[in-house]
Every structure is written in structure tokens, then in C-alpha cells.
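What follows is a single structure, written as C-alpha cells, with notes after it.
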2 protein chains.
Amino acid sequence: MAWSTDNCTVGRTMAILGERWTVVVLREVFNGVRRFDDIRRHSGIPRQVLSNRLASLVEQDILRREPYRPESGGRTRHEYRPTAKGLDLYLVLVAVAEWGDTYLADPEGPPVEFVHRDCGEQVHPVVECAAGHRIDTPRDVVGRPGPGAKPFEG
Amino acid sequence: MAWSTDNCTVGRTMAILGERWTVVVLREVFNGVRRFDDIRRHSGIPRQVLSNRLASLVEQDILRREPYRPESGGRTRHEYRPTAKGLDLYLVLVAVAEWGDTYLADPEGPPVEFVHRDCGEQVHPVVECAAGHRIDTPRDVVGRPGPGAKPFEG
DNA sequence: ACGCTGAGTCTCGTTGACAGACCCAGATCG
DNA sequence: CGATCTGGGTCTGTCAACGAGACTCAGCGT
């Protein structure tokens with residue numbers, strides 16, 4: 001019972017995602033809203049915060065900053081797109097959105113639904129084990145020490 | 001193209017989960033670490049912060065506080081257990097842990113693995129649509145206005 | 001009576017969130 | 001030409017949250 005469940009990866013991940021707006025920014029970007037001002041208007045994030053968030057997401061290699069030439073001519077601008085590392089966060093995003101829609105949506109329902117492009121049905125996160133069993137309660141999941149576990153003395 | 005993808009539920013959810021330690025606390029509690037000092041020692045969360053987190057999670061009805069009588073006699077203490085609303089966050093937790101283990105683990109590997117209680121295989125989050133199609137890239141997911149969508153003027 | 005333990009609270013310096021004003025380059029208008 | 005608009009920022013100041021460390025307090029064991 002005394003291996004260290006140490007906050008390791010979850011703690012580190014939350015040091016990134018845990019900043020109030022990070023996940024919201026990712027949501028916009030996944031949704032195709034990729035330009036500074038568009039993101040800002042859609043989400044209501046304060047300029048400075050958005051600026052910081054974008055910069056640190058780029059630095060973490062979760063987004064990348066790409067120059068583009070606006071349709072209507074004009075100066076070169078930048079847009080933000082997810083990297084592979086960033087795309088892998090969509091599982092987190094879907095899980096967060098689902099929980100939020102279940103417990104925190106306005107009475108009318110959620111403002112956006114995520115649907116499967118091919119069939120139009122709503123998407124949901126589920127948990128499976130490597131043997132393909134569907135797991136629908138946390139009771140069926142147990143933690144156990146992994147390769148990086150360190151012994152733990154209370 | 002101009003419905004408001006407004007940060008609504010994701011934003012609200014992240015107002016809770018986005019506090020640096022919330023998810024770490026949940027991880028401990030799901031893992032069976034339920035007592036103040038055990039959580040603190042395992043995770044290294046500062047006392048005051050843990051105190052705040054636990055209080056607000058109880059207030060949000062994500063954890064509940066239950067009195068218990070320690071084995072070795074002594075005064076009545078409290079432990080923290082997830083409510084149904086809290087249990088539903090395990091999808092988020094699994095997704096966060098998976099991403100963290102993939103991208104942020106120490107070279108030796110993650111310190112804890114989550115496995116299926118019945119078969120011992122590792123668990124993974126996946127996304128499916130209501131029609132049962134497996135979705136493994138965010139490209140196959142599109143957002144569209146849901147019941148609570150509001151028209152949006154830039 | 002003395003110290004230990006679990007579960008906190010108090011204090012204080014540091015960092016992050018957020019609002020509001022300001023800046024700058026190129027396009028467009030009069 | 002100068003004035004103004006637009007996208008994408010930066011500067012400044014306030015207020016809340018974080019995090020370290022010391023202090024508290026009740027009951028138990030010795």
C-alpha cells in the first residue's frame with residue numbers, strides 16, 4: 001500500500017492546463033478559431049492573459065505560430081494551430097466539455113455540441129482497457145505502481 | 001459560421017478544475033487517499049491550499065466530508081469521498097493522466113498506472129460517437145451550435 | 001505534565017488574473 | 001496628405017490565489 005502515488009504527471013499536467021484559460025484557448029483553436037482577436041472575442045479572455053497563454057503554449061510545443069497573409073491583403077499576421085502534442089489534448093477537452101455540459105450548462109443546454117464529422121452523432125469520451133473491455137465506473141479502475149514508482153515512507 | 005462558441009461550459013468547468021491543485025486532489029481521493037494529511041504528504045500540496053481546495057470541492061458537491069473513527073481510537077476525524085458528480089470527473093482524470101504520462105513523465109516512466117480491476121490491463125480514454133464509431137483524431141470531430149447557442153455578433 | 005499527531009489557521013511575500021489605457025504598422029477614407 | 005480603422009499587441013495597477021513557514025488546538029499515550 002505504500003508506493004508513492006506522488007502527484008507527478010498529473011501535477012505537471014495541471015501546472016499547464018490548470019491555468020484558468022489554457023483549456024479554453026485550446027477549445028477555440030480546435031474549433032478553428034485561430035487568430036488572436038477572434039479567440040479573444042469568442043472567449044472573452046483578457047488581452048494580456050491571452051497573450052501570455054498563447055506564448056506559453058507555443059513554448060510548450062502545444063501550439064505553433066504560423067504566419068499567414070490575410071485574404072484582404074495586408075500585413076503578415078500569425079495564427080495558432082495545435083501541434084501533435086496539442087492535438088492529443090482533445091481527449092481532455094472532450095472529457096471536460098462533457099462534464100461541464102452535464103453539470104454546469106445553462107438550463108437551455110450547452111451552447112456547442114461536438115459531433116462526429118461522418119455521421120453527425122454526438123461524441124462522448126469513454127474509458128477502455130487494453131483488452132478492449134469497456135469501463136464505465138471508476139470502481140473498475142485501480143491504480144498500481146508504474147515503472148517510475150518510488151518507494152514511499154509516510 | 002457566426003454562432004457563439006462562447007466559453008460557457010468549458011470556461012465554467014475550468015474555473016473549478018483550473019485551480020492548480022483541484023485535479024491532483026481528485027486523483028488522490030480516487031486513489032483511496034482520503035485523509036487530509038495523507039493527501040498532503042502524497043501530493044505535496046501546501047496545507048492552506050489543500051484546506052481551501054477541499055472546502056470548495058465539498059461546497060461544489062464534488063466531494064463529501066464524512067466523519068470516521070480512526071482504527072487506533074482517538075477523536076472523530078473526517079475523510080473526503082467523491083460524490084456522483086465527482087466520480088464523473090474520472091474521465092477527465094484518466095485523460096489528463098494519459099496525456100501527462102505520454103508527454104511529461106520522467107524517463108523511467110509514469111509512477112502510477114491505472115489498470116482494469118478485472119483483467120489488469122491498462123486503461124485508456126477513447127472517444128466514440130453515439131452511433132458507436134470510434135474516433136481517433138480530432139479532425140473527425142466538429143463543433144456545432146447546441147440548444148443553448150446564442151447568435152453572435154463580432 | 002509532556003510530547004505526539006491529525007487537521008487545521010495566521011502571516012507574509014510572490015505570482016497570476018483581469019481591466020483599462022496606450023502603442024504601432026498597414027489599409028482605407030476623405 | 002492626414003485621419004481613422006483594425007489586428008495584435010504592450011504597460012500599469014489592483015486584487016485574489018499560491019506557497020512556505022510558524023503557530024494552534026484537541027485528545028491520546030506514557
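The figures that follow rest on heavy atoms only: side chains count, while hydrogens, waters and symmetry mates do not. So you know, we letter chains A, B, ... as the sequences are listed, proteins then strands, and number each from 1.
For residues 79-101 of chain A, the side-chain hydrogen bond (donor to acceptor under 3.5 Å, both in side chains) pairs, not counting sequence neighbours, are A:Arg65-A:Tyr80, A:Glu79-A:Arg81, A:Asp88-B:Tyr103, A:Glu98-A:His124, A:Asp101-B:Thr9.
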| remark: Readout for nucleotides 5-16 of chain C: B = base within 4.0 Å of protein heavy atom, S = sugar-phosphate only, - = neither; 5' to 3' it is -BBBBBB-----
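A salt bridge links B:Arg41 with B:Asp37: at least one charged nitrogen is closer than 4.0 Å to a carboxylate oxygen. Of the charged side-chain nitrogens involved, at least one lies within less than 4.0 Å of a carboxylate oxygen, so that A:Glu128 and B:Arg134 count as a salt-bridged pair.
Clustering ILVMFWY residues whenever any of their side-chain heavy atoms sit less than 4.5 angstrom apart, transitively, puts A:Val29 in the very cluster that holds A:Leu87.
Between the CD1 atom of B:Ile45 and the C1' atom of D:dA17 there is a distance of 14 Å, rounded to whole Å. Straight-line distance from the CH2 atom of A:Trp21 to the C1' atom of D:dA16: 15 Å, rounded to whole Å. Regarding A:Arg40, its CZ atom lies at a distance of 12 Å from the P atom of C:dG20, rounded to whole Å. Rounded to an integer number of Å, the gap from CG of B:Leu50 to C1' of D:dA20 is 15 Å.
Two residues are said to be in side-chain contact when any heavy atoms from C-beta on lie closer than 4.5 Å; A:Leu93 and A:Val23 meet this criterion. Within the 4.5 Å cutoff, the side chain of A:Thr22 has heavy atoms near those of the A:Leu57 side chain.
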